Amino acid sequence: MTTYRSTSDEAMLIELNPRGNPMLLEENLARSRMHEAEIFAQQHRLAHRLVVARRWRRLAGWAQRRAVLKARAI
């Protein structure tokens, strides 16, 4: 990436992304943080789905054992 300094403000750096469009450093950082937040959300959803699946499997096992006990009682 090529970095250019703005003549009016030293704190504002403009970078050229691989497509050649100028992007402010703050925009690049915000985009990076959004990407990290999306990855975190995906991981959180996956973990939640695994916990829910485990809970339903436990409940199904309990219901099956209860059904077997009730069938024997008849």
Side-chain angles (χ1 to χ4, degrees):
M1 285 207 183
T2 308
T3 304
Y4 297 102
R5 290 212 181 262
S6 171
T7 56
S8 61
D9 189 8
E10 288 293 320
M12 188 178 298
L13 295 178
I14 298 176
E15 293 185 359
L16 290 176
N17 64 11
R19 288 173 284 183
N21 298 330
M23 183 184 302
L24 293 176
L25 192 58
E26 291 83 9
E27 290 176 1
N28 200 7
L29 183 60
R31 200 175 300 258
S32 174
R33 287 183 178 162
M34 283 177 51
H35 181 68
E36 289 174 358
E38 288 171 359
I39 290 174
F40 176 78
Q42 288 174 352
Q43 292 173 345
H44 188 265
R45 281 192 300 270
L46 178 62
H48 180 71
R49 285 174 40 198
L50 290 172
V51 167
V52 168
R54 191 177 308 144
R55 186 179 303 137
W56 278 109
R57 195 174 13 207
R58 255 194 335 257
L59 181 62
W62 174 82
Q64 184 179 13
R65 288 189 304 274
R66 185 174 167 94
V68 167
L69 286 175
K70 294 294 181 179
R72 284 187 198 157
I74 293 178

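Quick caveat: nothing in here was measured; it's all calculated off a predicted structure. Residues take their numbers from the sequence shown, with the count starting at 1.
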### Query
Looking at side-chain heavy atoms only, is the closest gap between Arg55 and Val52 below 4.5 Å?
yes
Those residues at least two apart in sequence (or on a different chain) that pass side chain to side chain contact (heavy atoms under 4.5 Å, CB included) with Leu29 are Arg33
Across all chains, not counting sequence neighbours, the side chain to side chain contact (heavy atoms under 4.5 Å, CB included) partners of Arg57 are Arg54
With sequence neighbours left out, the residues meeting side chain to side chain contact (heavy atoms under 4.5 Å, CB included) with His44 are none
To the nearest 0.5 Å, atom CD1 of Ile39 lies from atom CD of Glu36 at 7.0 Å
Taken in chain and number order and not counting sequence neighbours, the residues that satisfy side chain to side chain contact (heavy atoms under 4.5 Å, CB included) with Arg65 are Trp62
### Message
Quick one, Arg31 and His35 - any side-chain contact, counting heavy atoms below 4.5 Å?
### Response
no
